[in-house]
Student: 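One structure, pasted below without further comment.
Here the structure is a predicted model, which means the values were calculated and not measured. Chain letters run A, B, ... following the sequence lines, proteins first and then strands; every chain starts at 1.
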Amino acid sequence: MAKHETPLLDQLESGPWPSFVSDLKAQAEKRAKNEEGIEFQIPVDVVDDLLGVVELSYKHGRTHWKHGGIVGVFGYGGGVIGRYCDQPENFPGVEAFHTMRVNQPAGKYYSTDYLKKLCDLWDFRGSGVTNMHGSTGDIILLGTTTKQLEEVFWTLTHDMGQDLGGSGSNLRTPSDCLGQSRCEYACYDTNALVYFLTNEYQDELHRPAFPYKFKFKLDGCPNCCVASIARSDMSFIGTWKDDIRIDQDAVNKYVENDPAYPANAGAHKGSKDWGPFDIEKEVLALCPTKCMKFENKKLTIDNANCTRCMHCINVMPRALKIGKETGCSILCGAKAPILDGAQMGSLLVPFVEVNPDNDYEAITEIIENIWDWWMEEGKNRERLGELIMRQGFQKLLEVTGIDPMPQHVAYPRTNPYIFWKEDEVPGGWERDVDEYRKHHRR
Amino acid sequence: MAFISTGYNPDKPMENRITDIGPKDHNEFYPPVIAKNKGKWSHHEILEPGVLVHVADSGDEVYTVRVGGARLMSTGLINEICEIADKHCDGYVRFTTRNNVEFMVDSKDKLEPLKNDLSGRKFAGGSFKFPIGGTGAGITNIVHTQGWIHCHTPATDASGTVKAAMDVLFNDFQDMRLPAQLRVSMACCLNMCGAVHCSDIAILGYHRKPPMLDHEYLDKVCEIPLAVSACPTAAIKPAKVQLANGKEVKSVDVKNERCMYCGNCYTMCPSMPLADTEGDGIVLMAGGKVSNRISDPKFSKVVVAFLPNEMPRWPSMTDTIQRMVEAYAKGANKYERLGDWADRIGWEKFFEVCELDFTHHLIDDFRQQAYMSWRQSTQFKF
């Protein structure tokens, strides 16, 4: 028998898509029965009360979680988000319902041994409710009490070799696509780089010293499966410098509509029949730079004019491969609208090597130069993108020591209001007005 | 419920403390076939919706079955995922950026038993636990935020709006009939923890009323200068206010007509709540993408300025999303993303074919971005 009536939420149990309501109800029941005899360290009916408070939000059209609640683990300024219910008398099980962000492994691969240990811990010391995963990428453990925080942290670090993620004005938990682990398009090992950066910058991740949040996201190729270009202050997107590798026999298999060579890797094998593959229409005509030709059964690419958009490779993955001289581009300043409107990442470094042998020094140097500038100049709650807007892209080039190049702009400026520095103008700005007046009457 | 300690001693918090060890090393978690062939993959193919094969240069193959899941997940369900992974996948599993779960097997004969196992499992309420799909030219799982489950600033629920939307989009989760992939994303307030601003279709929770002022407490719980500087439109200024009991307190004054309800002041100052039953609801955006494929990444555009919160299933929202998806499925060329299609036919036609009303709220009036979106041409369609 459920603790609270939930007539509104109950309506979200029907329909084919996995129902979080059904899942929560099953979890509430499991805790109530407690067949495994767990000595629950937070209220047994926490999930019942969660359902109750969410039902109330469905009735009121408003959240019932209070603003704020500063809790955490000793020595860390992030990783825990305090949360209290504003109706504690009606829902005592969720009076305190804090979140812990657990730093997810690169590529979000898991062994079941690990996941089961995590579940045991969260059944014992938390609500048994999670997000797999939060928007930034962490494993989110939802709902525990203040007294359990250190205990959970102790078990995570001592028994599981696992740290918390970031929250607040910190480096947020870096995240990546699965990269070379299972993708032929990946131009560098995103898993290795994200693991390195996360460990290298543990201090920045756990101790708030920044003006606001800072996000790294790593995409293995310009397809951008983790959306780094739209939602990270620094976005690392794999790319290559040399030529696309072509297997002409395989190209012709696509042209001949060989069933083992489905266009777009089979992505259109749905209920709609798009007709036979047409290389002219589906590849050459859609190439944004029109740098490809197919004549006499031979595909040629004018690589110097290719912008590596990935379309042709995506359409014919058995015939076309990324180049061999691979690395990544770095873009800066992406963010969601708060505060000054949405921003896309702007290209800062067209190409940088991704080299684990020297601890990725080409990359860390850029990161640290940017942080030095942002920490010095950034205002409270000002994202990197907003600082770039305020002080100018030239300033970003100056602090990173990067020479300006046409790749930095979509087009050159349309206004001639150019700011010159005094030392760029012969003779400087200080002049003698009396000398001037000798030749120019008032 | 006796308290059981792990060994942590609050009197000596530094004793035996382990910190800053980072995440688990992913190399411990790769399935053997992945570890063996990392960096040496030749190509992949989507065999059917939700089922992929990746072929390595060595000739090894890995078959992946992708299933959707509610992002909110109990340990009971995760244990069930583990049980399946133990039974079929040698104890390994992975999650995708879009909250799908991927089960991998290293040979084709292990595929059918895995698929049958996954599609046979249902929740007591009747929904699938592990629906197979979310690949290719279809709709994958909706990434979303916390909503009323856990957040203090949402203007709508996240899990519920997503469940309602995915129920109506379910066929396109399990099919690949669309011109290209279509990414739907959800964020429950303008803070956009989910950064939905570059999605083919974005569901966004939105407040429409300026903050209330809890004058009696404001100065006690807030740094007034922080609240003032938090406002991107400079609508907030310090003020002295006389309470009903005659006492004068320091507080703030809000110029309501300047407020665009971003809630940033509330984040800085809990005495400025703005949630409201009628004021809050949904904005729909469309036409964004993050991929560099063919065209540049682009922002989503606001196509519906407001829809009310209609709990529990948000029918106006799901109907509108469905209309956009159908119009796109009908009108776009193969490989054309929703935003590229709208750009090609023109946004005036987009509103026509999607049967959406165009209102003054859809004309940008926020800072310099606004000008860039007005039409400076006579090239338009009637």
Student: Taking Arg367(B) for the side chain and Asp340(A) for the main chain, is one N or O donor matched with an acceptor at less than 3.5 Å?
Tutor: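 Judged by distance alone, no pair lies under 3.5 Å.
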
Student: Using 30° and 60° as the class boundaries, would you call the ring planes of His152(B) and His67(A) parallel, tilted or perpendicular?
Tutor: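 Geometry flag for His67(A) against His152(B): perpendicular rings.
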
Student: Determine whether the side chains of Thr19(B) and His206(A) contain a donor N or O and an acceptor N or O closer than 3.5 Å.
Tutor: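 His206(A) and Thr19(B) do not have a side-chain donor-acceptor pair below 3.5 Å.
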
Student: By a 4.5 Å heavy-atom criterion (distance strictly below it), what part of Arg125(A) contacts chain B: side chain, backbone, both, or neither?
Tutor: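 When you check distances to chain B, only side chain atoms of Arg125(A) fall under 4.5 Å.
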
Student: With Lys24(B) as the cation and Tyr114(A) as the aromatic partner, state whether NZ or CZ is under 6.0 Å from the six-membered ring centre and within 45° of the axis.
Tutor: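 Judged by the rule, Lys24(B) and Tyr114(A) form no cation-pi pair.
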
Student: At a heavy-atom separation under 4.5 Å, does Ala260(A) approach chain B through its side chain, its backbone, both, or neither?
Tutor: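 Ala260(A) touches chain B through backbone heavy atoms alone.
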
Student: Where does Leu286(A) contact chain B at under 4.5 Å (heavy atoms): side chain, backbone, both or neither?
Tutor: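 Both parts, backbone and side chain.
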
Student: Heavy atoms only, distances under 4.5 angstrom: which of Ala70(B), Cys82(B), Ala187(B), Pro49(B) has the most pairs with chain A? Name it, please.
Tutor: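 Looking at each of Ala70(B), Cys82(B), Ala187(B), Pro49(B) in turn, Cys82(B) comes out on top.
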
Student: Output all residues satisfying disulfide (SG to SG under 2.5 Å) with Cys198(B), sequence neighbours left out; order by chain, then residue number.
Tutor: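 Once residues adjacent in sequence are excluded, Cys198(B) has no partner under the disulfide (SG to SG under 2.5 Å) criterion.
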
Student: Under the side chain to side chain donor-acceptor pair (under 3.5 Å) test, which residues partner Tyr58(A), sequence neighbours left out?
Tutor: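 Per chain and number, Tyr58(A) pairs via side chain to side chain donor-acceptor pair (under 3.5 Å) with Asp157(B).
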
Student: Calculate, to the nearest 0.5 Å, the distance between atoms NZ and CG belonging to Lys163(B) and Leu9(A) respectively.
Tutor: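 Here the interatomic distance stands at 12.0 Å.
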
Student: For Leu24(A), is it the side chain, the backbone, both, or neither that has a heavy atom closer than 4.5 Å to a heavy atom of chain B?
Tutor: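 For Leu24(A), the side chain is the part near chain B, not the backbone.
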
Student: Report which part of Phe170(B) has an atom under 4.5 Å of a heavy atom belonging to chain A: side chain, backbone, both, or neither.
Tutor: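 Interface part for Phe170(B): side chain.
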
Student: For each of Gly136(B), Ser159(B), Pro273(B), Cys188(B), tally heavy-atom pairs with chain A at distances under 4.5 Å, and name the one with the top tally.
Tutor: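 Of Gly136(B), Ser159(B), Pro273(B), Cys188(B), Ser159(B) has the most heavy-atom pairs under 4.5 Å with chain A.
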
Student: Using non-hydrogen atoms and a 4.5 Å limit, figure out which bit of Gln369(B) sits close to chain A: side chain, backbone, both or neither.
Tutor: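 Interface part for Gln369(B): side chain.
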
Student: Donor-acceptor pair, distance only, cut-off 3.5 Å: does the side chain of Thr6(B) make one with the backbone of Thr155(A)?
Tutor: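 Not confirmed, Thr6(B) side chain does not pair with Thr155(A) backbone.
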
Student: What part of Ala26(A) is in contact with chain B, defined as an atom under 4.5 angstrom from a non-hydrogen atom: side chain, backbone, both or neither?
Tutor: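 No part of it gets close to chain B.
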
Student: Heavy-atom distance under 4.5 Å to chain A: side chain of Asn16(B), backbone, both or neither?
Tutor: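 For Asn16(B), backbone and side chain are both near chain A.
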
Student: Are side-chain heavy atoms of Lys272(A) and Lys334(B) found at a separation under 4.5 Å?
Tutor: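 A side-chain contact under 4.5 Å is absent here.
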
Student: Looking at chain A, which one of Pro131(B), Gly126(B), Ser295(B), Ala164(B) has the largest number of heavy-atom pairs inside 4.5 Å, strictly under?
Tutor: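 Most pairs with chain A among the choices: Pro131(B).
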
Student: Quick check on Val194(A) against chain B: is it the side chain, the backbone, both or neither that has a heavy atom closer than 4.5 Å?
Tutor: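 Neither part.
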
Student: How many angstroms lie between atom CD1 of Ile18(B) and atom NE2 of His158(A), to the nearest 0.5 angstrom?
Tutor: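 It comes to 4.0 Å.
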
Student: Would you check if the side chain of Asn223(A) reaches a backbone N or O of Ser291(B) as a donor-acceptor pair within less than 3.5 Å?
Tutor: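 A pair under 3.5 Å: no.
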
Student: Main chain of Phe74(A), side chain of Arg17(B): is a donor-acceptor contact present, judged purely on distance under 3.5 Å?
Tutor: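 Side chain of Arg17(B) to backbone of Phe74(A), a donor-acceptor pair under 3.5 Å: yes, one is there.
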
Student: Nearest heavy-atom pair of Cys309(A) and Ile294(B): which atoms, and what distance?
Tutor: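 Looking at all heavy atoms of both residues, the closest pair is SG-N, 3.3 Å.
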
Student: Quick one: what part of Ile42(A) sits under 4.5 Å from any heavy atom of chain B, side chain, backbone, both or neither?
Tutor: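 Contact with chain B involves the backbone of Ile42(A) alone.
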
Student: How many angstroms lie between atom CG of Asn131(A) and atom CD1 of Ile149(B), to the nearest 0.5 angstrom?
Tutor: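 Result: 8.5 Å between the selected atoms.
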
Student: Within the side chain of Asp163(A), is there an N or O that forms a donor-acceptor pair under 3.5 Å with the backbone of Ile21(B)?
Tutor: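 Pair found, side chain donor or acceptor close to backbone of Ile21(B).
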
Student: Please look at Val47(A) and chain B and tell me whether the side chain, the backbone, both or neither of the residue comes under 4.5 angstrom of a heavy atom of that chain.
Tutor: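 For Val47(A), no heavy atom lies under 4.5 Å from chain B.
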
Student: Checking Tyr76(A) against Asp20(B) for the side-chain contact (heavy atoms from CB on, under 4.5 Å) test, could you report, in this order, the C-alpha distance in whole Å, the side-chain angles of both residues, the deciding distance, and whether it holds?
Tutor: CA-CA 9 Å; Tyr76(A) 278 17; Asp20(B) 299 279; 4.0 Å; yes

Student: For Val93(B), is it the side chain, the backbone, both or neither that has a heavy atom under 4.5 Å from a heavy atom of chain A?
Tutor: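 Both backbone and side chain of Val93(B) come within 4.5 Å of chain A.
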
Student: Could you check which of Arg71(B), Lys40(B), His197(B), Gln174(B) has the highest count of heavy-atom pairs closer than 4.5 Å to chain A?
Tutor: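 Option with the top pair count is Arg71(B).
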
Student: Find the distance between CD (Gln104(A)) and CZ (Arg94(B)) and round it off to the nearest 0.5 Å.
Tutor: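 Answer for the CD-CZ pair, Gln104(A) versus Arg94(B), is 11.5 Å.
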
Student: Using non-hydrogen atoms and a 4.5 Å limit, figure out which bit of Pro16(A) sits close to chain B: side chain, backbone, both or neither.
Tutor: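 Both backbone and side chain of Pro16(A) come within 4.5 Å of chain B.
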
Student: With side-chain contact (heavy atoms from CB on, under 4.5 Å) as the test, would you mind laying out the steps for Leu77(B) and Phe20(A) before giving the verdict?
Tutor: CA-CA 10 Å; Leu77(B) 191 71; Phe20(A) 69 99; over 6 Å; no

Student: Would you check if the side chain of Lys108(A) reaches a backbone N or O of Val101(B) as a donor-acceptor pair within less than 3.5 Å?
Tutor: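 Pair absent, no side-chain N/O of Lys108(A) close to backbone of Val101(B).
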
Student: CG/Asn37(B) to OG/Ser181(A) distance, rounded to the nearest 0.5 angstrom?
Tutor: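 It is 11.0 Å, given to the nearest 0.5 Å.
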
Student: Counting only heavy atoms from other residues, nucleotides and ligands, does the tally under 6.0 Å from NZ of Lys66(A) exceed 12?
Tutor: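 No, because the 6.0 Å sphere around NZ of Lys66(A) holds 12 heavy atoms or fewer from other groups.
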
Student: Would you please classify the geometry between the Tyr195(A) ring and the His26(B) ring as parallel, tilted or perpendicular, with 30° and 60° separating the classes?
Tutor: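 Ring orientation of His26(B) relative to Tyr195(A): perpendicular.
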
Student: Is Glu102(B) close to chain A through its backbone or its side chain, or both, or neither, when contacts mean heavy atoms under 4.5 Å?
Tutor: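 Side chain of Glu102(B) only, per the 4.5 Å heavy-atom cut-off to chain A.
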
Student: Checking His54(B) against chain A: side chain, backbone, both or neither under 4.5 Å from a heavy atom?
Tutor: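 The answer is the side chain of His54(B).
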
Student: Is there a donor-acceptor pair closer than 3.5 Å between any side-chain N or O of His44(B) and the backbone N or O of Arg182(A)?
Tutor: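 Judged by distance alone, no pair lies under 3.5 Å.
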
Student: Given 3.5 Å as the limit, does a donor-acceptor pair link the side chain of Ser135(A) with the main chain of His144(B), or not?
Tutor: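 Checking the backbone N and O of His144(B) against the side chain of Ser135(A), a donor-acceptor pair under 3.5 Å is found.
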
Student: Measuring heavy-atom distances to chain B, does Thr307(A) have an atom under 4.5 Å in its side chain, in its backbone, in both, or in neither?
Tutor: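 Looking at Thr307(A), nothing touches chain B.
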
Student: What part of Ala35(B) lies closer than 4.5 angstrom to a heavy atom of chain A: side chain, backbone, both or neither?
Tutor: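 Neither the backbone nor the side chain of Ala35(B) comes within 4.5 Å of chain A.
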
Student: Using a cut-off of under 4.5 Å on heavy-atom pairs, state which of Gln146(B), Met14(B), Lys129(B) scores highest against chain A.
Tutor: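 Max contact count across the listed options: Gln146(B).
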
Student: Asp280(B) versus chain A, heavy atoms under 4.5 Å apart: side chain, backbone, both or neither?
Tutor: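 Just the side chain, heavy atoms under 4.5 Å.
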
Student: For the residue pair Lys269(A) and Leu47(B), what are the closest heavy atoms and their distance?
Tutor: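 The pair with the smallest heavy-atom distance is NZ-O, 3.4 Å.
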
Student: Supply the atom-to-atom distance Arg62(A) CZ to Asn309(B) CG, rounded to the nearest 0.5 angstrom.
Tutor: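 The CG atom of Asn309(B) is 11.5 Å from CZ of Arg62(A), to the nearest 0.5 Å.
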
Student: Let me know if Asp120(A) has heavy atoms under 4.5 Å from chain B in its side chain, its backbone, both or neither.
Tutor: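 Neither part.
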
Student: Using modelled atom types only, decide if a donor and an acceptor are shared between the side chain of Trp148(B) and the backbone of His64(A) within a distance under 3.5 Å.
Tutor: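 No; zero donor-acceptor contacts below 3.5 Å.
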
Student: Hydrogens and angles aside, do Asn191(A) and Tyr30(B) bring a side-chain donor and acceptor to less than 3.5 Å of each other?
Tutor: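 Judged by distance alone, the side chains do pair up.
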
Student: Is there a donor-acceptor pair closer than 3.5 Å between any side-chain N or O of Thr277(B) and the backbone N or O of His60(A)?
Tutor: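 Looks like yes, one N/O pair under 3.5 Å.
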
Student: Heavy-atom distances under 4.5 Å only: say whether Leu339(A) touches chain B with side chain, backbone, both or neither.
Tutor: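 Contact with chain B involves both backbone and side-chain atoms of Leu339(A).
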
Student: Out of Leu52(B), Asp296(B), Thr96(B), Asp276(B), which one racks up the most heavy-atom pairs below 4.5 Å with chain A?
Tutor: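 Option with the top pair count is Asp276(B).
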
Student: Between Tyr110(A) and Phe95(B), is the gap from one ring center to the other below 6.0 Å?
Tutor: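 Yes, close enough.
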
